[in-house]
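A short worksheet on the structure shown next.
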Number of protein chains: 4
Amino acid sequence: MTNARKLTRVEQKALRPIQILDAAFDEFVANGFSAARVEDIADRIGVTKGTIYVYFPTKEDLFAAMIRHISVPLEDLLKEAGELKGSHEQRLRSLLMLAYQRVAQDRRCRELLRFVIAEGSRFRDVIDAHFAEVIEPLIQRTQLILDEGIVAGEFRKAPAANADIVVSPILSLMMDLLIHDSKRRVDLQAYMEAHLDLVFNSLSQSRPQGVTDQA
Amino acid sequence: MTNARKLTRVEQKALRPIQILDAAFDEFVANGFSAARVEDIADRIGVTKGTIYVYFPTKEDLFAAMIRHISVPLEDLLKEAGELKGSHEQRLRSLLMLAYQRVAQDRRCRELLRFVIAEGSRFRDVIDAHFAEVIEPLIQRTQLILDEGIVAGEFRKAPAANADIVVSPILSLMMDLLIHDSKRRVDLQAYMEAHLDLVFNSLSQSRPQGVTDQA
Amino acid sequence: MTNARKLTRVEQKALRPIQILDAAFDEFVANGFSAARVEDIADRIGVTKGTIYVYFPTKEDLFAAMIRHISVPLEDLLKEAGELKGSHEQRLRSLLMLAYQRVAQDRRCRELLRFVIAEGSRFRDVIDAHFAEVIEPLIQRTQLILDEGIVAGEFRKAPAANADIVVSPILSLMMDLLIHDSKRRVDLQAYMEAHLDLVFNSLSQSRPQGVTDQA
Amino acid sequence: MTNARKLTRVEQKALRPIQILDAAFDEFVANGFSAARVEDIADRIGVTKGTIYVYFPTKEDLFAAMIRHISVPLEDLLKEAGELKGSHEQRLRSLLMLAYQRVAQDRRCRELLRFVIAEGSRFRDVIDAHFAEVIEPLIQRTQLILDEGIVAGEFRKAPAANADIVVSPILSLMMDLLIHDSKRRVDLQAYMEAHLDLVFNSLSQSRPQGVTDQA
DNA sequence: TATGAATGAGACTTCATTCAT
DNA sequence: CATGAATGAAGTCTCATTCAT
């Protein structure tokens with residue numbers, strides 16, 4: 001193994017900012033920007049206040065850096081989605097399920113939404129920038145598949161082919177998880193099934209099954 | 001005019017707490033609980049800090065009272081919905097539209113959601129209590145109509161008959177309005193139509209598939 | 001007597017800023033701007049830190065206000081000098097002696113010079129403004145008398161009729177008092193006599209040469 | 001070129017303290033003792049804070065060493081003056097002009113006066129010691145020439161034969177340069193001429209009264 | 001010798017809260 | 001009821017100093 005020894009100075013140095021940002025995330029999540037204390041962030045990683053200020057000049061800078069830090073991996077989701085194959089329904093289904101996985105598994109992704117809502121007015125720029133990398137691409141990609149699916153005759157051309165509406169259960173789930181946190185365990189499978197059932201039963205054109213069409 | 005005279009001392013006294021709570025709402029909305037300053041709340045109604053403390057013993061009490069104050073009118077919505085007549089679809093449609101009206105018109109109702117998300121962990125009790133009076137009744141009432149509609153053969157018995165999913169576009173809209181505030185004007189009519197189209201096209205039993213029966 | 005009772009609230013309120021400025025003067029004199037502690041200023045008048053900030057928003061503002069506070073009475077000196085009567089020599093002599101009195105008796109006037117030298121670069125504006133009300137008027141007034149005295153044939157027209165030079169012993173004395181403070185007591189009478197002897201023996205036109213008329 | 005090669009390690013080592021002291025001078029001049037930052041001193045010579053502490057144990061020690069460093073060359077002035085020849089007037093004239101040259105040309109000599117006034121109370125010892133090597137010898141030497149000149153019948157025996165008074169224009173000039181720094185260029189020639197004119201016209205015994213003997 | 005990460009005491013400043021008037 | 005001067009605890013940020021490398 002390569003890590004059987006202590007970290008070298010250089011490794012330690014490279015790690016410190018990450019440690020701080022991770023600790024800052026936890027603290028800001030727990031208390032919000034204003035109520036979070038820099039010293040408590042420091043305590044979480046066993047350093048003193050001063051150390052935080054070696055790396056970040058102000059609490060605000062730390063917050064902004066933290067937002068950037070946690071929002072980084074979010075673009076990756078879309079890359080995977082971009083390569084999805086199959087019918088338009090298949091692709092949309094895969095995209096939505098990817099989003100569910102992310103939302104369900106990645107607490108940071110969810111908490112980002114809390115920051116957007118709670119601190120948006122104070123950190124408009126940072127928040128906007130990174131909001132634009134999470135929610136908006138999801139909606140845009142969804143709308144693209146819907147539009148193409150209509151052209152391909154796979155989806156019906158209807159008001160319901162609206163990405164905001166189609167993805168909204170996912171956002172609602174995020175909110176729900178934020179509000180009740182780990183308290184109330186949502187039955188994710190049932191929730192997803194209900195969502196997809198609603199969407200595709202409404203949109204899919206030529207579906208004998210699905211039970212709506214007695215015609 | 002009935003109010004051409006100055007308020008009597010008694011009237012003034014009865015008014016003061018309301019004034020304070022209204023000012024507190026604006027201030028807490030603008031800055032969140034921690035960053036809001038009691039003095040700024042006082043300034044908004046032209047009194048001094050001390051006056052606030054005549055009516056509310058602490059900033060936390062003031063916040064809690066403010067939450068209760070703005071959440072009061074929300075129950076009324078459900079009362080109206082309870083008296084809705086017509087088919088189950090009709091009743092569900094009316095319920096959802098009532099919710100839309102409230103969400104679109106009542107900024108306080110929307111901001112309540114911000115407090116739920118931003119300050120939920122600090123004011124668990126008061127937030128939970130009043131969350132339970134807004135979102136949950138909406139969902140429960142919705143689920144009730146769905147279940148009854150299925151029994152009545154009006155809706156198909158399907159996973160999609162899930163109130164969380166059915167109302168989620170409304171919550172998403174609230175969030176969207178919170179985040180972008182007055183910036184981006186959503187086309188409410190189109191949004192509602194898309195929502196209802198999706199829901200009823202998916203759920204309604206006896207419907208010529210693929211059409212939103214306006215025709 | 002009118003002050004046999006405690007001060008009223010109103011009187012106390014009016015007094016507080018003065019108290020603070022006086023205490024600030026002492027503290028800034030003792031330690032300079034940077035090393036002075038706001039809490040020590042507060043301690044000098046038996047209040048707490050917070051009280052200082054009720055009246056002055058920052059330490060810098062307090063310093064600037066203090067400078068303005070102590071420099072106020074300095075213009076008065078010149079008013080008296082303006083009404084001096086007698087020959088030009090008499091008037092110049094009176095002006096210089098007025099300056100000596102001020103320098104010798106008013107510690108604040110001297111300490112102002114210390115602030116000018118020590119904090120000038122940090123408080124350029126305030127310092128310049130009030131420097132311009134002390135030293136410069138003295139020099140200008142001196143030059144005016146010299147010039148008029150030459151025209152009147154009372155002083156010889158010579159390079160020595162230079163106000164900067166003529167007043168410099170006064171500035172040197174200020175510096176000396178600043179540096180040695182109360183340690184080394186200068187013999188003010190001898191110093192003044194030497195100064196005036198030098199000046200008038202050099203400038204006066206119609207004087208039996210080389211003698212300060214003990215005759 | 002003699003210095004076309006890099007410095008050897010030994011030379012580098014001997015140079016470092018000098019570099020530090022020079023940088024410290026600039027920083028302390030710019031900000032005063034308290035507001036000066038050790039790190040800024042280090043930055044001025046491209047080393048890190050730690051390096052400063054290799055050579056000077058504390059910031060105070062560094063300041064004291066810096067004072068000693070810049071005051072060293074000042075004794076030399078007096079050595080030259082001691083060897084001046086000619087009449088007593090000639091010798092005094094030369095002494096004063098030497099002082100002027102030093103004051104006009106050597107910024108460090110002037111800034112020392114600022115430290116004396118600004119930091120005197122904090123560094124009483126070091127400041128006193130080095131003040132005693134600059135101003136006091138000048139005054140003592142001046143007084144010596146005056147006294148000898150009187151004995152020799154060259155100067156009149158008068159109160160004006162007072163070294164403090166006689167040299168004060170030089171100190172005033174130093175102050176003026178400190179306060180206005182490079183802003184207002186004083187006409188040094190005119191200033192000196194006025195000074196010497198005043199002094200010798202007042203003191204010289206055998207001079208056709210009231211005239212500046214250029215004629 | 002030089003580094004620079006880390007420290008921690010201490011400064012400025014804020015603001016919820018109190019209380020005499 | 002209302003005021004607003006005063007408090008003091010607490011938070012952000014600074015920086016002289018240390019020490020392992």
Side-chain angles (χ1 to χ4, degrees), chain A residues 6 8-10 12-17 34-42 45-62, chain B residues 9-10 12-13 16-17 33-42 46-62, chain C residues 6 8-10 12-17 34-42 45-62, chain D residues 9-10 12-13 16-17 33-42 46-62:
Chain A
K6 273 183 185 167
T8 66
R9 176 83 65 98
V10 171
Q12 179 67 256
K13 167 73 189 285
L15 218 52
R16 202 29 54 93
S34 291
R37 295 168 66 247
V38 172
E39 186 156 28
D40 287 342
I41 294 173
I45 54 174
V47 298
T48 60
K49 258 184 314 192
T51 302
I52 306 295
Y53 286 94
V54 170
Y55 295 89
F56 302 95
T58 69
K59 190 183 171 187
E60 294 208 350
D61 286 325
L62 174 56
Chain B
R9 228 153 295 175
V10 172
Q12 179 72 22
K13 175 176 169 180
R16 209 16 72 85
F33 175 77
S34 290
R37 296 167 67 246
V38 171
E39 185 157 27
D40 287 342
I41 293 172
V47 298
T48 58
K49 266 188 298 190
T51 304
I52 307 293
Y53 285 90
V54 170
Y55 295 91
F56 302 95
T58 70
K59 189 184 173 187
E60 296 209 350
D61 288 326
L62 173 56
Chain C
K6 275 183 184 167
T8 66
R9 174 83 67 98
V10 171
Q12 180 67 257
K13 167 74 189 282
L15 217 52
R16 202 32 53 93
S34 291
R37 294 168 67 247
V38 172
E39 187 157 26
D40 287 342
I41 294 172
I45 53 174
V47 298
T48 60
K49 259 182 313 192
T51 302
I52 306 294
Y53 286 93
V54 170
Y55 295 90
F56 302 95
T58 69
K59 190 184 170 187
E60 295 208 351
D61 286 326
L62 174 56
Chain D
R9 228 153 295 175
V10 173
Q12 178 72 21
K13 175 176 169 182
R16 205 24 64 86
F33 175 78
S34 291
R37 296 168 68 247
V38 172
E39 185 158 28
D40 287 341
I41 293 172
V47 299
T48 58
K49 266 187 299 190
T51 304
I52 306 292
Y53 285 90
V54 170
Y55 296 90
F56 302 95
T58 70
K59 190 184 174 188
E60 296 208 349
D61 287 327
L62 174 57

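Proteins come first, then strands; the chains are lettered A, B, ... in the order of their sequence lines, and each starts at number 1. The basis for the numbers below is simple: all heavy atoms, side chains too, and nothing from hydrogens, waters or symmetry mates.
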Just how far is it from atom OG1 of Thr51(A) to atom NZ of Lys49(A), taken to the nearest 0.5 Å? 11.0 Å
Verify side chain to side chain contact (heavy atoms under 4.5 Å, CB included) between Leu62(B) and Tyr55(B), making sure each step is shown before the conclusion. CA-CA 9 Å; Leu62(B) 173 56; Tyr55(B) 295 91; over 6 Å; no
Tell me: CD1 of Ile45(C) to C1' of dT7(F), nearest whole Å? 14 Å
What is the minimum heavy-atom distance between Tyr53(C) and Thr58(C), and which atoms define it? CE2-CA, 4.2 Å
Readout for nucleotides 9-14 of chain F: B = base within 4.0 Å of protein heavy atom, S = sugar-phosphate only, - = neither; 5' to 3' it is -BSBBB
Would you compute the distance between atom CD of Glu39(D) and atom OG1 of Thr48(D) and round it to the nearest 0.5 angstrom? 8.5 Å
Rounded to whole Å, how long is the line connecting atom CD1 of Ile52(D) with atom P of dT17(F)? 12 Å
Atom-pair distance (CG on Leu62(C); P on dT13(E)), nearest Å: 10 Å
To the nearest 0.5 angstrom, please state how far the CD1 atom of Ile52(A) sits from the NZ atom of Lys59(A). 12.0 Å
Hey, are the side chains of Arg16(A) and Val47(A) touching, using non-hydrogen atoms and a 4.5 Å cut-off? yes
Paired runs of 3 or more consecutive Watson-Crick or G-U pairs involving DNA chain F, with both pairing distances under 3.5 Å, are E:2-21 with F:2-21
Contact under 4.0 Å: Thr51(A) side-chain N or O vs dA6(E) OP1/OP2: no
Using the side-chain heavy atoms of Tyr55(B), tell me which of these nucleotides is nearest: dA2(F), dT7(F), dA5(E). dA2(F)
Write down the distance between CZ (Phe56(C)) and P (dC12(E)), rounded to a whole number of angstrom. 15 Å
